[in-house]
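Have a look at the structure below before the remarks.
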There are 2 protein chains.
Amino acid sequence: MTAPRTLDRTLTALADPTRRAILQHLSSGEARVTEVAQPFSMSLNAVSKHILVLERAKLVKRRKVGRDHYLSYRSGPLDAAAKWIDTTRHFWASRLDTLEQLLRDEDAAKP
Amino acid sequence: MTAPRTLDRTLTALADPTRRAILQHLSSGEARVTEVAQPFSMSLNAVSKHILVLERAKLVKRRKVGRDHYLSYRSGPLDAAAKWIDTTRHFWASRLDTLEQLLRDEDAAKP
DNA sequence: AATATATTCAACCCTTTGGTTGAATGTCAA
DNA sequence: TTGACATTCAACCAAAGGGTTGAATATATT
C-alpha cells in the first residue's frame with residue numbers, strides 16, 4: 001500500500017495546473033529546466049520550485065549532465081494514486097450500492 | 001471534460017488525510033457534523049472547515065434537518081478525477097512507449 | 001582569463017491553510 | 001422560558017505555498 005504521506009505528496013503535486021502542465025510537457029521525453037520553464041509566464045525560479053515539488057513526489061527524476069539538468073516523468077506515483085482512487089471508489093460504490101439495496105428491500109417489504 | 005479549477009479543488013480536497021478519513025467515514029452512509037468530527041483529536045470547528053473544503057469540491061453534500069446537518073458522500077468528482085488521471089496516464093504511457101520503441105529501433109539500426 | 005549560460009540558494013512578500021478560542025445563531029426539550 | 005445542543009461565524013495565529021528579485025555556484029565558450 002501507498003503510505004499516506006506519499007499519497008499526500010502525489011495529490012498535492014497534481015493539484016496545481018502549472019505542475020500538471022510540466023508533467024504534460026515531460027510526457028514527450030526529457031527536457032532541461034529552462035526548456036520546461038519556457039512556456040510559462042512566471043520566473044525561472046518559480047518553475048524550479050514547482051519542479052522540486054514534483055521531484056519530492058517522485059513524479060519527476062533529474063539527471064545532471066554538466067550544467068544541464070535533464071528532467072523526466074516517472075509513472076510510479078501516478079499509477080499508485082490511480083490505483084488508490086480506483087479501489088477506494090469501487091469500495092465506496094459497493095458500500096453505497098449495498099445501502100441502496102437495503103433501503104430498496106425495506107421499501108419493498110412495506111405493503 | 002473537467003474544468004481545471006474543478007480538478008484543482010478535487011485533488012486539493014483529497015490531498016489531506018483528515019479529509020480522506022472523513023470521506024471514508026461517510027462511505028457507510030450519512031452522518032451529522034458532530035458524528036463525523038468525533039474520531040478526530042482536533043476541534044469541531046477544525047473539522048467543520050475540512051467539511052467546507054469537501055463541500056466546495058462537491059465531494060460532500062449537506063442536508064439540513066432542524067439543527068442537524070446530514071452529510072453524504074458524492075461520487076461525481078472522484079469519478080472525474082479517476083478518469084482524468086487514467087486517461088492522462090494511458091496517454092503518457094503510450095507516448096513513452098512510442099519513444100522507447102523509437103530508441104530501440106534506432107539502436108537496432110546501428111551496425 | 002573573461003564572459004556567458006544553466007541552475008540553485010536565500011531572503012523576502014503576500015495569500016492561503018489548518019488550527020485555535022470565544023461568541024453568535026438556530027433548534028430542541030424540560 | 002430556560003437551558004442544553006448542533007452548528008457556524010469571527011478573530012486570531014503559525015506555518016506553508018507560490019511568487020518575486022538578487023546573489024551564488026558550476027560549467028561552457030571564446
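We name chains A, B, ... by the order of the sequence lines, and we start the count at 1 in each one. Computed from a predicted structure; not experimentally measured.
Cation-pi contact between R20(B) and W84(A): present, with separation from the ring centre below 6.0 Å and deviation from the ring axis of at most 45°.
Phosphate contact (OP1/OP2 of dT8(D), side-chain N/O of H69(B), threshold under 4.0 Å): present. For R19(A), a side-chain nitrogen or oxygen approaches OP1 or OP2 of dG18(D) to under 4.0 Å. Listed pair R67(B) / dT25(C) fails the phosphate criterion, with no side-chain N or O lying under 4.0 Å from OP1 or OP2.
The pair K61(A)-E55(A) fails the salt-bridge criterion, with no side-chain N (NZ, NE, NH1 or NH2) lying under 4.0 Å from an Asp/Glu carboxylate O.
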Does the pair D16(A) and D8(B) meet the rule for a side chain to side chain contact (heavy atoms under 4.5 Å, CB included), with working shown?
CA-CA 6 Å; D16(A) 180 288; D8(B) 287 2; over 6 Å; no

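In this structure, L52(A) reaches neither bases nor backbone, as no heavy-atom distance under 4.0 Å exists between it and the strands shown.
Heavy-atom distances to DNA chain D give each of G66(A) and D16(A) a nearest nucleotide, and the one nearer the 5′ end belongs to D16(A). Position along DNA chain D of the nearest nucleotide to K49(A) versus N45(A) favours K49(A) as the more 5'-ward residue.
With distances taken from any side-chain atom of S48(A) to the nucleotides dT20(D), dT8(C), dT7(D), the minimum falls on dT8(C). In this structure, the nucleotide among dC28(C), dT21(D), dT20(C) sitting nearest to the side chain of S43(B) is dT20(C). Nearest nucleotide to the H50(B) side chain, out of dT20(D), dG19(C), dT8(C): dG19(C). Side-chain proximity of T34(B) to the nucleotides dA6(D), dT8(D), dT7(C) is greatest for dA6(D).
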